[in-house]
Protein chains: 2
Amino acid sequence: MDSIERFIEQMANHAEADGLPRISGRIMAYFVINGGPFSFSEIADNLGISRGSASTNTRLLRDLGILERYQKPGSRQDYYVLAVQPYQRLLKGYIERMESSINNIKQLVDAPETELPTAALERLDALEGFYHTAIESTRVALEKTGGNHA
Amino acid sequence: MDSIERFIEQMANHAEADGLPRISGRIMAYFVINGGPFSFSEIADNLGISRGSASTNTRLLRDLGILERYQKPGSRQDYYVLAVQPYQRLLKGYIERMESSINNIKQLVDAPETELPTAALERLDALEGFYHTAIESTRVALEKTGGNHA
DNA sequence: TTATTCGTTCAGTGTGTACTGAACGCTGTA
DNA sequence: TACAGCGTTCAGTACACACTGAACGAATAA
């Protein structure tokens, strides 16, 4: 296994740790190394994956903002390239998940039928505060990497 | 399902999305709401989970720095409480994973047997730069939440 | 010693899901 | 029209893993 294969496999591992399919990590690594654009069929063939997986995972990477699809004039195939700011969307995803956690806390605190003791409210407040600062610094990272136009 | 159950279940969902067992999220939510300390058996009984799961997941939450274990004098049972800074360790975990990604990139770039084209090196450099700024802002969040003593 | 009560470990089970490959619909070509 | 090439969808599988419950070792009590 050469260093490129190892890189691709590690990206697959990291994707898996993030709760994403391994193949999506391999596709991303493939684009980082080899650039692009690549056609749908090239992705499936060069990575040795089924066209079904290629379809599912290119759509996933599109939804994450990592890949972009476009049509070459005169060609019926789909082509893919790395997005201009491929990683910002990931940060936005983190922010959304943390905001979802905050909403979960607020729903509990604001629920009319529950009377929580003061200590519980304090712990919930501490948790919410943690999410707020985490979101804030993620926003800072977003701006630094140039994704502040959203 | 009342609002407390919903809160617990949502924490379980978020844990699952983070690649953790659902039960670990339920235990954490249980401590956030009800405080502590609770004995090992109380955790298993009150959450209706097996002692095996209680053992595995309390250890996981200990490793994450969310729970702390201690022995009450005169009691043979293990007791658990929320750690003083329960969430910092999570951020440290994120940082470690991103550092691992950086190392993966460096291994590829520094590999003597691979001659990567300039464009590939640029893309790898951009990815590494992204991780660096993400790590940096996570460190800022760590400091703001009071976990800067490590 | 034996009995009891802890927490841990591990084999077994169930479940969710990544992945494949075939069938399908769509679009452009002949 | 029929045909070919494209991407998507979906049933089937294979596998990973969360969870259970029983067996186990350790520590205390009798």
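Nothing here was measured: the structure is a model prediction, and the numbers come from that model. Below, read A as the first sequence line, B as the second, and so on, with proteins coming before strands; counting in each chain starts at 1.
For the pair A/Arg62 (side chain) and A/Arg69 (backbone), a donor-acceptor distance under 3.5 Å is absent. Counting only distance, with no hydrogens or angles, the side chain of B/Thr58 and the backbone of B/Ser55 share a donor-acceptor pair below 3.5 Å.
The nearest heavy atom of DNA chain C to A/Gly19 and to A/Arg51 marks one nucleotide each, and the one closer to the 5' end goes with A/Gly19. Nucleotides of DNA chain D nearest to A/Ser41 and A/Glu16 differ in position, and the one nearer the 5' end is that of A/Ser41.
A/Arg62 has a side-chain polar atom (N or O) that falls below the 4.0 Å cut-off from OP1 or OP2 of D/dT8. Look at A/Ser53 and you won't find any side-chain N or O under 4.0 angstrom from OP1 or OP2 of C/dC19. One finds no side-chain N or O of A/Arg59 lying less than 4.0 angstrom from the OP1 or OP2 phosphate oxygen of D/dG7.
Minimum atom distance to the side chain of A/Pro21 is reached by C/dA18, of the listed C/dT8, C/dA18, C/dT20. The side chain of B/Thr56 approaches C/dT9 more closely than any other nucleotide in the set D/dT8, D/dT9, C/dT9. In this structure, the nucleotide among C/dT9, D/dC19, D/dA27 sitting nearest to the side chain of B/Arg76 is D/dA27. Residue B/Ser55 places its side chain closer to C/dT9 than to any other of C/dT9, D/dT20, D/dC19.
Among the atoms of the strands shown, none is found under 4.0 Å from any heavy atom of B/Thr58. Nucleic acid contact for B/Arg22: sugar-phosphate only, since backbone atoms but no base atoms lie under 4.0 Å from a heavy atom of the residue. Within 4.0 Å (heavy atoms only), B/Arg26 reaches no atom of the nucleic acid at all.
The CG-P distance, from B/Leu60 to C/dG7, rounds to 18 Å in whole Å. Spacing between atom OH of A/Tyr70 and atom P of D/dG7 amounts to 13 Å, rounded to whole angstrom units. Rounded to an integer number of Å, the gap from CD of B/Gln77 to P of C/dG7 is 5 Å. If you measure from atom OH of B/Tyr79 to atom P of C/dT5, you get 15 Å, rounded to the nearest angstrom. Here C/dC26 presents its P atom at 17 Å from CD of A/Gln71, a figure rounded to the nearest Å. What separates CG of B/Asp63 from P of C/dT8 is a distance of 11 Å, to the nearest Å. Rounded to a whole Å, the CD1 atom of B/Ile27 is 13 Å from the P atom of D/dA18. The distance between atom CD1 of A/Ile49 and atom P of D/dT8, rounded to the nearest whole Å, is 12 Å.
Using modelled atom types and a 3.5 Å distance limit, the side chains of B/Arg22 and B/Asn13 yield a donor-acceptor pair. Side-chain atoms of A/His132 and A/Glu128 form a donor-acceptor pair, as typed in the model, at a separation below 3.5 Å. Between A/Arg26 and A/Asn57, the side chains place no donor N or O within less than 3.5 Å of an acceptor N or O (distance only, hydrogens not considered).
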